[in-house]
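Convention: sequence-line order gives letters A, B, ...; per-chain numbering from 1.
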There are 2 protein chains.
Amino acid sequence: MNLQVDWLRLPALAASMAFFLAGPVLADSLPQTAPRSAEVADFRLDNGMEVVVIPDRRAPIVTHMVWYKAGSADEPPGKSGIAHFFEHLMFKGTTNHKAGEFDAAISAIGGSNNAFTSYDYTAFYETVTPEALGEMMGYEADRMRNLILSDEVVATERDVILEERRSRIDNSPDALLDEEVNATLYQNQPYRIPVIGWKQEIEQLNRTDAKAFYDHYYTPNNAVLVVAGDVDAQTVKQLAEQTYGKLARGPDLPPRIRPVEPEQKTARTVTLRDPRVSVPSFSTQWVVPSYHSQKNGEAEALDLLSEILGGGSRSRLYQQLVVKKGIAASAGASFQGTMLDDTSFVVYGAPRGDAKLEDVEAAANAEVSRIATDGVTADELEKAKDRLVRSMIFARDRQAAMANIYGATLATGGTVADVEEWPERIRRVSADQVKAVAARYLGMDHATTGYLLPQPRAEN
Amino acid sequence: MNLQVDWLRLPALAASMAFFLAGPVLADSLPQTAPRSAEVADFRLDNGMEVVVIPDRRAPIVTHMVWYKAGSADEPPGKSGIAHFFEHLMFKGTTNHKAGEFDAAISAIGGSNNAFTSYDYTAFYETVTPEALGEMMGYEADRMRNLILSDEVVATERDVILEERRSRIDNSPDALLDEEVNATLYQNQPYRIPVIGWKQEIEQLNRTDAKAFYDHYYTPNNAVLVVAGDVDAQTVKQLAEQTYGKLARGPDLPPRIRPVEPEQKTARTVTLRDPRVSVPSFSTQWVVPSYHSQKNGEAEALDLLSEILGGGSRSRLYQQLVVKKGIAASAGASFQGTMLDDTSFVVYGAPRGDAKLEDVEAAANAEVSRIATDGVTADELEKAKDRLVRSMIFARDRQAAMANIYGATLATGGTVADVEEWPERIRRVSADQVKAVAARYLGMDHATTGYLLPQPRAEN
């Protein structure tokens, strides 16, 4: 039961669509075009549930995922954490199966399973042999509607989550800073609220809140089923109709229109000094369009900007700050484009040895300004495109990664075509467009910078 | 139709309960106890409307106010500005009176009227001769329930409000900075949202939003009638029963429990550089308890802390920074205690002549730290108590000020007794309590500081 609370904040993970790819994506000897996988199927059951099938016949494994279009940014005011809380509750008993039965069934056949919650969605997945797919669907369909939500179950799990918050957030200066940076960067959009929830609000979550969230969001017409692996679309369709297809359609949900961010006119800083910190660091962030909220190809340009500026060891930030100047232990950039609403672009760094944090920050800012002023070269743009497009080719080699890409895209307002056309859209971005998004969005007069510093000053 | 958007931000106005008093409160020759005014009456009509009568027979004038327990902090997500918008709409036509008729009736008898919106309430008032009181009640009761909300009326007024936002906020660097400081200080509480609303949300407000707000909040059982002046409680009761008393009670509203602020662990800054600014300034803010949200007399101690630290020319900040060091053109502190939820404590200053802003800020911080560490003297505490208590005595001399104090207190969860006992509670605060609130709340490691600076640096 993962909590993807750190999506926007862990620069090492949160790079573009390549986020879902765990391995390195920098090998040189790869083909320039994707080995076309078997056709991806996309259809709907009669009750409105969308189904995506990504055939991959190389090994007798299937990845079965259900994505709900409900994340922390969909929570009612004052109920922060209920989306993630509900993800936990989905592992409790139903009217048909005791708590633990589903997990035991998966273990018995050597499969694995888990779940995660983010701002825009909550997803549940199992990796099993193809023969077990129908059984998985049966369990997953069952818990979509038949959970038993008693006061006792809710109270017990609330304590688990409060402990999770203590260990993952309150014990981590990085995480504490991230929360307040996030809430300073976003002043109106719900991405300002931590996925795990504010402590004082988690403490108040109850059965009524859980039931309301379940009834509202956990319906077939608000879910996307993604099946990747050794199976064909016809089989998936048949099994899905026999399981999910039996569930009644829920009420139509209104469009996911959330409060949006006003234009930022100030520069903001957030500073945490903590004795547990050994190396200082900074991260500078801006609100930028996502793939879903953008109007004209700016998200693709931002993905390339992120790659050129700070995507790994070939990037400008790494080459200038870490390799050439030798002042930084780390430096990079990230852009999490697969979001429903405007998202964040992050530049980060930490000094090496005796170098000063402010020098690393100034050098990083200079690299940002340089692109905004002078643009990028044709050569580095081509190489960045190669790297991004190859990341998708690599993804095709990992069925869970592909399932993730389709699921996250569909759960944030995108389509199957968006995933398939993405490499081509990346190819079409011009150097001018990359320069333009840097100039338009990454101004220092409206940046939000977080500082994590080693020790408190001797003041009051 | 005033917008009290600046309540928390205009330090010169926002001092304690003394906020409502326009005149100086520093005269020396006043009695130490309040000249007891005639008994204040407090009762309810059958439909739940609370009525407060503050007799003041010195002149043939009455101030008639209706306070609705609905302000910007009660707005639904994404609908910022609807409370203030609705205040404007209340001046439109009803099923019984054309738009303008109410205003004309007041003018005809030489009276005056207006309205204002704040975070926790919206109030409407008229000052007239006692003979006109029944007529005022008739008009006010009429518009509580009988407004005509057509698409046209709503659209026209929306343009007026957008223009108001342009002239009062967007044309004012101070106001722009205040908005973002506020949204940085409060990361979860709705006080982070500007009373006038975010531009992009005002633009979307429509008749449906207005109607929903009206139906929900504009009911007799969600309103407080305050009448101060040349009238007795029996007459007010009789007139109120004949007018407001005819209105049906609305549905019971749930308790006003809003998202609360998590504990701030970081220091934050917000900087606006603008060519329109001539003198730089700073304001440092902290989230502190209000009279309503406090647990144990801390609000009274914060009022005294504010008075001692920065309440006028006798305060430490003024004496040290303006008089003694001569480095500040202005310096002070404020605490707006009459709020439903946790509120802000502000320290502010601006340099004089060639003095540097950072020196003024450091000197102000030193004064804050000094109280947190060394406390206040018995003598300055006594004098501060005298000044605050006298402010209430002065208020008794101005019927509108008294009506405001009772109205704001009742609309933020307080009682008539709270107002009457306030001087005594101020008298009971010890020097240790003042020191304790300074030490507990005003730490620099969790302060939010806004900087208004004259000119943009030469950077991208």
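Between B/Asp74 and B/Arg256 there is a salt bridge, since a side-chain N of the basic residue sits under 4.0 Å from a carboxylate O of the acidic one.
In this structure, chain A has heavy atoms under 4.5 Å from both the backbone and the side chain of B/Gln264. With a 4.5 angstrom heavy-atom cutoff, B/Lys265 touches chain A via backbone and side-chain atoms both. Using a 4.5 Å cut-off between heavy atoms, B/Glu180 contacts chain A through both its backbone and its side chain. With a 4.5 angstrom heavy-atom cutoff, A/Glu261 touches chain B only via backbone atoms.
Of the listed residues A/Gln200, A/His446, A/Lys79, A/Arg258, the one with more heavy-atom pairs under 4.5 angstrom with chain B than any other is A/Gln200. Of all the listed residues (B/Asn365, B/Val260, B/Thr269), the one sharing the greatest number of non-hydrogen pairs under 4.5 Å with chain A is B/Thr269. Ranking A/Ser80, A/Pro262, A/Gly450 against chain B, the residue ahead of the rest is A/Pro262, based on heavy-atom pairs under 4.5 Å. The residue among B/Leu176, B/Asn188, B/Thr184 with the most heavy atom pairs within less than 4.5 Å of chain A is B/Asn188. Most heavy-atom pairs under 4.5 Å with chain A, from the set B/Ile257, B/Leu177, B/Thr271: that is B/Thr271. Between chain B and the options A/Gly78, A/Ala267, A/Pro259, heavy-atom pairs under 4.5 Å are most frequent for A/Ala267.
Shown here are the salt bridge (Lys or Arg N to Asp or Glu O under 4.0 Å) partners of A/Arg207, two or more places apart in sequence or in another chain: there are none. With sequence neighbours excluded, no residue satisfies ring-ring contact (aromatic ring centres under 6.0 Å, His included) with A/Tyr451.
Shown are B/Arg192, B/Arg168, B/Lys199, B/Arg165; of these, the salt bridge (Lys or Arg N to Asp or Glu O under 4.0 Å) with B/Glu179 is made only by B/Arg165.
Environment of CD in B/Glu263: sparse, with no more than 12 heavy atoms of neighbouring residues, nucleotides or ligands closer than 6.0 Å.
Within the 3.5 Å criterion, the main-chain N or O of A/Asp341 finds a donor-acceptor partner in the side chain of A/Ser290.
Side-chain contact, B/Ser293 with B/Asp342: a donor N or O sits under 3.5 Å from an acceptor N or O.
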